[in-house]
Number of protein chains: 2
Amino acid sequence: MSRSGADLALLLLGGYRTLVEAAQVELAERGYDDFRPVHDFAMRAIAAGADSASELGRRTSVSKQAAAKTIAVLVERGYVAREPDPGDARRKRLQVTPLGFDVLRQGETIFDELRASWARRIGSAELAALESRLRELVGDDAVRADAPGWVAQAEG
Amino acid sequence: MSRSGADLALLLLGGYRTLVEAAQVELAERGYDDFRPVHDFAMRAIAAGADSASELGRRTSVSKQAAAKTIAVLVERGYVAREPDPGDARRKRLQVTPLGFDVLRQGETIFDELRASWARRIGSAELAALESRLRELVGDDAVRADAPGWVAQAEG
DNA sequence: AACCATAGACAACCAGGTTGTCCATGTCCA
DNA sequence: TGGACATGGACAACCTGGTTGTCTATGGTT
């Protein structure tokens with residue numbers, strides 16, 4: 001029985017952390033090493049149309065320089081391709097590669113499996129209730145929005 | 001209605017982040033600038049008896065060097081005092097100062113107020129249920145343990 | 001043609017971590 | 001008592017994921 005607000009915060013962090021750590025381990029076992037939430041965020045934004053470093057920065061609430069650094073690692077790992085934009089010589093067009101989509105899909109699956117295992121433990125209804133209370137409290141957009149800045153940090 | 005495991009993770013992160021950001025802002029308004037969870041953790045460990053950098057490192061699952069860096073900022077801000085240990089010339093004894101206890105107490109109060117405001121929004125019973133489900137899922141020790149490494153990162 | 005906005009590269013810096021090395025001190029044991 | 005080992009802390013170099021500032025090349029507008 002926690003009466004303490006600080007404990008509540010730690011429980012929430014603990015939940016996030018538990019899921020992410022498990023996902024990271026599982027992803028590593030499937031051959032995608034050192035894949036972090038920040039990479040996932042960036043790739044999703046790119047897949048969703050952020051096709052340049054500046055645009056990625058804007059969409060993820062991060063400086064274009066920070067975005068460029070993340071892109072550099074994604075390119076190096078083969079998850080994202082960067083090629084000159086034929087229509088604008090300033091830009092380098094970004095594209096998620098097939099390998100990149102693989103890791104996105106697997107990450108998604110893993111998180112869904114983790115959620116399912118939680119549902120088995122406390123019951124589907126309870127989990128759904130937990131989610132909807134939380135959604136009420138933090139708002140729907142906490143889920144999209146500028147998680148990255150934070151996500152970057154809530155890792156290990 | 002989220003079916004997605006990824007959304008669940010983001011909701012949890014969003015919750016943590018919402019609380020911490022609000023607390024940070026409020027603490028800053030009360031004159032404690034740039035006080036981060038990592039500082040809170042370290043000070044609590046010191047107050048609980050981690051009276052040297054090495055010991056603090058052990059208790060917070062961090063290298064002694066990292067602990068020393070954190071201590072340096074706490075000392076610089078006057079939250080922690082560091083003085084030679086009379087009984088062992090290798091050690092520097094750490095102590096939370098009265099100012100340090102102030103900020104701890106206020107942080108605690110702020111988090112409790114935030115929790116209360118959440119309780120007003122979704123109902124005490126609902127919030128308590130949310131906490132106990134979460135506790136079931138992540139375990140009690142997620143609340144204590146080695147949050148620091150993570151906390152360090154789940155900031156802004 | 002002149003001017004301004006934009007994309008991206010590069011460099012310096014910050015926080016909070018890591019590892020490795022080193023020295024001074026303390027402890028233990030033959 | 002002396003030598004071996006363990007411990008505390010300082011220092012330096014490095015990592016990641018951010019920041020700001022500056023610079024160049026290109027594009028768009030008037």
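Here is the naming used below: chain letters follow the sequence lines, and residue numbers restart at 1 for every chain.
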Point-to-point distance, once rounded to the nearest 0.5 Å, from CD of A:Gln95 to CZ of A:Phe101
8.5 Å
Roughly how far, to the nearest 0.5 Å, is CD of B:Gln24 from CG of B:Asp34?
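B:Asp34 CG to B:Gln24 CD: 7.0 Å, rounded to 0.5 Å.
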Taking every non-hydrogen atom, the tightest pair across [X] and [Y]:
| X | Y | answer |
| --- | --- | --- |
| A:Ile71 | A:Leu94 | CD1-CD1, 3.4 Å |
| A:Thr60 | A:Ala45 | CG2-CB, 4.1 Å |
| A:His39 | A:Thr70 | CD2-CG2, 4.3 Å |

Anything under 30° is parallel, anything over 60° is perpendicular, the rest tilted; go ahead and classify B:Tyr79 against B:Tyr32.
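Tilted: the ring planes of B:Tyr79 and B:Tyr32 meet at 30° to 60°.
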Calculate the interatomic distance between [X] atom [atom1] and [N] atom [atom2]; express it in whole Å.
| X | N | atom1 | atom2 | result |
| --- | --- | --- | --- | --- |
| A:Arg36 | D:dC15 | CZ | P | 14 Å |
| B:Ile71 | D:dC11 | CD1 | C1' | 16 Å |
| B:Phe41 | C:dG17 | CZ | P | 11 Å |
| B:Asp51 | D:dT7 | CG | P | 16 Å |
| B:Asp85 | D:dT7 | CG | P | 16 Å |
| A:Arg91 | C:dT6 | CZ | P | 12 Å |
| B:Lys64 | D:dA12 | NZ | C1' | 14 Å |
| B:Arg82 | D:dG8 | CZ | P | 16 Å |

May I ask you to say whether B:Arg91 pairs ionically with B:Asp51, meaning some side-chain N is under 4.0 Å from a carboxylate O?
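Yes, charged N to carboxylate O under 4.0 Å.
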B:Arg135/B:Glu131 ion pair, N-O < 4.0 Å:
no
Taking any heavy-atom pair under 4.0 Å as a contact, classify [X]: base, sugar-phosphate, or nothing.
| X | result |
| --- | --- |
| B:Lys92 | sugar-phosphate |
| B:Glu55 | nothing |
| B:Arg58 | sugar-phosphate |
| A:Ser54 | sugar-phosphate |
| A:Ser52 | sugar-phosphate |

Return the set of residues passing side-chain hydrogen bond (donor to acceptor under 3.5 Å, both in side chains) with A:Arg105 (not counting sequence neighbours), or none when no residue passes.
A:Asp102
Should the side chain of A:Gln65 and the base of D:dG17 be counted as holding a donor-acceptor pair, with the cut-off at 3.5 Å?
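Per atom types, no contact qualifies.
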Check: protein-nucleotides 24-29 of chain C nitrogen or oxygen pairs below 3.5 Å:
from, atom 1, to, atom 2, distance (Å)
C:dG26, OP1, B:Ala89, N, 2.8

Quick test: give all pairs of protein nitrogen or oxygen and nucleotides 12-14 of chain C nitrogen or oxygen below 3.5 Å, distance rounded to 0.1 Å.
none

Would you say A:Ser63 places a side-chain N or O within less than 4.0 Å of OP1 or OP2 belonging to D:dG18?
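Indeed not, no polar side-chain atom of A:Ser63 lies that close.
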Would you check, one step at a time, whether the test side-chain contact (heavy atoms from CB on, under 4.5 Å) holds for A:Leu137 with B:Thr18?
CA-CA 9 Å; A:Leu137 289 168; B:Thr18 300; over 6 Å; no
5' precedence on DNA chain D between B:Arg93 and A:Ala66 (nearest-nucleotide basis)
B:Arg93
